Amino acid sequence: MKLLESVKIGNRSLQNSMAMAPMTRSRANKDGVVGASTVLYYTQRASAGLIISEAINISEQAIGSPFTPGIHTQAQIDAWKVVTQSVHDGGGTIYAQLWHTGRVGHSLVKNGQLPVAPSALAIEGQQHFTMEGMKDYETPIPLNIAEIEQIIQDYKQAAINAMDAGFDGVELHAAFGYLPDQFLAESSNQRTDQYGGSPENRNRFVLDIMQEVVTAIGENKAAIRLSPTSTYNNISHQHPVAQFSMLMEHLNQLPLAYVHIMKVPFPVEKFPQYPTDAVETFGRLSVHPVMANCGYDREKGEAELQKGIAKIISYGTLFLANPDLPKRFELNGALNQPDRATMYGGKDQGYIDYPFLNN
Ligand SMILES: Cc1cc2nc3c(=O)[nH]c(=O)nc-3n(C[C@H](O)[C@H](O)[C@H](O)COP(=O)(O)O)c2cc1C
């Protein structure tokens, strides 16, 4: 079974072709520092070929939601060191997902500061979780060039911090409507400077970050996650195939570890310009190993690998609920079902108590 075969990603030969997809669990303390339960949570899942961490805030400004971890203070870096050491001791490989939420936040979780974004366009028709309950989105402050350059440096520093914390590499979270995705999409980027106005300019922020990160941490350790068909967080593209094809061509020129493509379902009637299979349309263009995500199970994952475009499949909710997922796939064993009520926030229930097979 291809899913259980070793695959080379970056400089490492992974023990199988199954990755644990990045999942925010909102269990850090108020200072964004992870604790002993987080060490156990990731260590329990060390049989994944690759673990991608939950999204990690690159700076104070990056924070969008309560109890999400950071990697910009020494205490945060030291706490991640314990996680990466323990995952390595368990035979695993772990990348850090780097996160800036941009306009997907609220001043109530940002010490009173308004969110920032490419343009002053608020998310409509959705609300945001805060300590004071669900709130409408605020209009973000548009970033000036100096502030954009500072954020690119924050990504670079966070990548350096992640390597210092023992991660094997980093994945830029450029999916799901967070800051890099806000730059990519016309619906959130109406700039007229070098960061907006054309597909090339809208791609620039992502490419600048990737270039800086690669320069800082070296070849084959930087990766990127894209969701070209996601409409979550008010993201929409007029010409997604042209835009993301161009992005893939530019990414091909950088020495990346992998490109993570999400095949997110979308309302086809509303977005006829969207490709029905983002892995097929964009994965084909990549010279880097392609990681495919969204809605895969054992059979669909294997079929995707057999097709030959993707080299590795990432599993989210299945890994959340099944710490020994590769073993269960090997034995075609029964699967624990994920508990939605304990996905975000809370204590150890629904975090580190999902049973292993034969336990
Ligand atoms: C609880 C939860 C938290 C998530 N947090 C993140 C995140 O921090 N970063 C990210 O890129 N995707 C995040 N996702 C999306 C998952 O990585 C994945 O794309 C999604 O679960 C679909 O994959 P699946 O069908 O295998 O579950 C999250 C999903 C869940 C269920």
Side-chain angles (χ1 to χ4, degrees), residues 3 17-28 32 34 38 41-42 45 48-58 62-71 94-102 104-105 129 158 162 170-182 184 206 223-233 235 258-266 278-279 290-302 304-305 310 312-322 325-326 328-329 335-346 349-352 354:
L3 279 168
S17 302
M18 298 169 59
M20 173 175 162
M23 280 177 289
T24 293
R25 304 303 310 272
S26 305
R27 281 161 165 95
V34 296
T38 300
Y41 166 71
Y42 284 112
R45 289 155 180 79
L50 173 65
I51 294 173
I52 304 152
S53 79
E54 62 207 278
I56 306 178
N57 297 303
I58 60 163
I63 299 170
S65 292
F67 305 116
T68 52
I71 195 146
I94 181 165
Y95 273 42
Q97 193 185 50
L98 303 184
W99 199 23
H100 191 307
T101 57
V104 189
F129 177 77
V170 300
E171 178 186 279
L172 174 67
H173 192 350
F176 261 10
Y178 294 105
L179 186 64
D181 205 14
Q182 290 159 33
L184 293 175
V206 164
I224 183 166
R225 184 174 223 214
L226 299 166
S227 59
T229 59
S230 172
T231 58
Y232 184 57
N233 287 328
I235 291 295
Y258 64 87
V259 175
H260 194 170
I261 301 178
M262 298 173 70
K263 198 164 121 179
V264 184
F266 57 92
V279 171
V290 170
M291 182 183 294
N293 173 252
C294 271
Y296 290 97
D297 57 14
R298 183 175 182 268
E299 282 64 39
K300 286 184 195 149
E302 182 63 17
E304 185 70 67
L305 291 184
I312 178 164
I313 306 293
S314 73
Y315 293 94
T317 39
L318 285 182
F319 253 120
L320 184 150
N322 297 275
L325 192 63
R328 287 173 192 255
F329 276 15
L335 297 172
N336 302 323
Q337 293 310 306
D339 170 25
R340 304 217 160 254
T342 51
M343 278 185 179
Y344 298 97
Q349 192 200 342
Y351 193 42
I352 51 173
Y354 282 105

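For this chain, numbers begin at 1 and follow the sequence in order. None of these values were measured; they are calculated from a predicted model. Order of listing sets the numbers, starting from 1, for every ligand and every atom in it.
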Identity and distance of the protein heavy atom lying nearest [atom]:
atom	result
atom 25 (O) of ligand 1	Gly295 N, 2.7 Å
atom 31 (C) of ligand 1	Thr317 CG2, 3.8 Å
atom 29 (C) of ligand 1	Met23 CG, 3.8 Å
atom 2 (C) of ligand 1	Tyr344 OH, 3.2 Å
atom 20 (C) of ligand 1	Asn293 OD1, 4.1 Å

Nitrogen or oxygen of [X] less than 3.5 angstrom from that of ligand 1:
X	answer
His173	yes
Gln97	yes
Phe176	no
Thr24	yes

Counting from 1, what ligand 1 atoms have a heavy atom of [X] closer than 4.0 Å?
X	result
Tyr315	26 (O)
Met262	19 (O)
Ala21	17 (O)
Ala55	8 (O)

Of Pro338, Pro22, Gly316, which has the heavy atom at the shortest distance from atom 17 (O) of ligand 1?
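When every heavy atom of Pro338, Pro22, Gly316 is considered, Pro22 comes closest to atom 17 (O) of ligand 1.
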For atom 12 (N) of ligand 1, tell me which residue out of Glu171, Arg225, Lys263 has the closest non-hydrogen atom.
Arg225
Is a side-chain N or O of [X] found less than 3.5 angstrom from the main chain of [Y], in a donor-acceptor match?
X	Y	value
Ser53	Gln97	yes
Arg25	Met343	yes
Tyr178	Gly102	no
Ser227	Phe176	yes

Among Thr229, Thr231, Asn293, whose side chain to side chain contact (heavy atoms under 4.5 Å, CB included) with Val264 holds?
Thr229
List for me each residue that meets salt bridge (charged side-chain N to carboxylate O under 4.0 Å, His left out) alongside Glu304, sequence neighbours excluded, and say none if there are none.
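For Glu304, the residues satisfying salt bridge (charged side-chain N to carboxylate O under 4.0 Å, His left out) (neighbours in sequence not counted) are Lys263.
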For a quick test of reading the model, state the closest non-hydrogen atom pair linking [X] to [Y] and the distance between them.
X	Y	result
Gly177	Val104	O-CG2, 3.3 Å
Gly64	Asn57	N-OD1, 4.3 Å
Ala19	Ile52	CB-CD1, 4.5 Å

Heavy atoms only, cut-off 4.0 Å: how does Trp99 contact ligand 1, side chain, backbone, both, or neither?
neither
Assess whether side-chain contact (heavy atoms from CB on, under 4.5 Å) is satisfied between Ile56 and His173, documenting all intermediate values.
CA-CA 9 Å; Ile56 306 178; His173 192 350; over 6 Å; no
Using 30° and 60° as the class limits, which term best fits the ring planes of Tyr315 and Phe329: parallel, tilted or perpendicular?
perpendicular
Using non-hydrogen atoms of the residue, decide whether Ala175 is closer than 4.0 angstrom to ligand 1.
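For ligand 1, residue contact (heavy atoms, under 4.0 Å) with Ala175 is absent.
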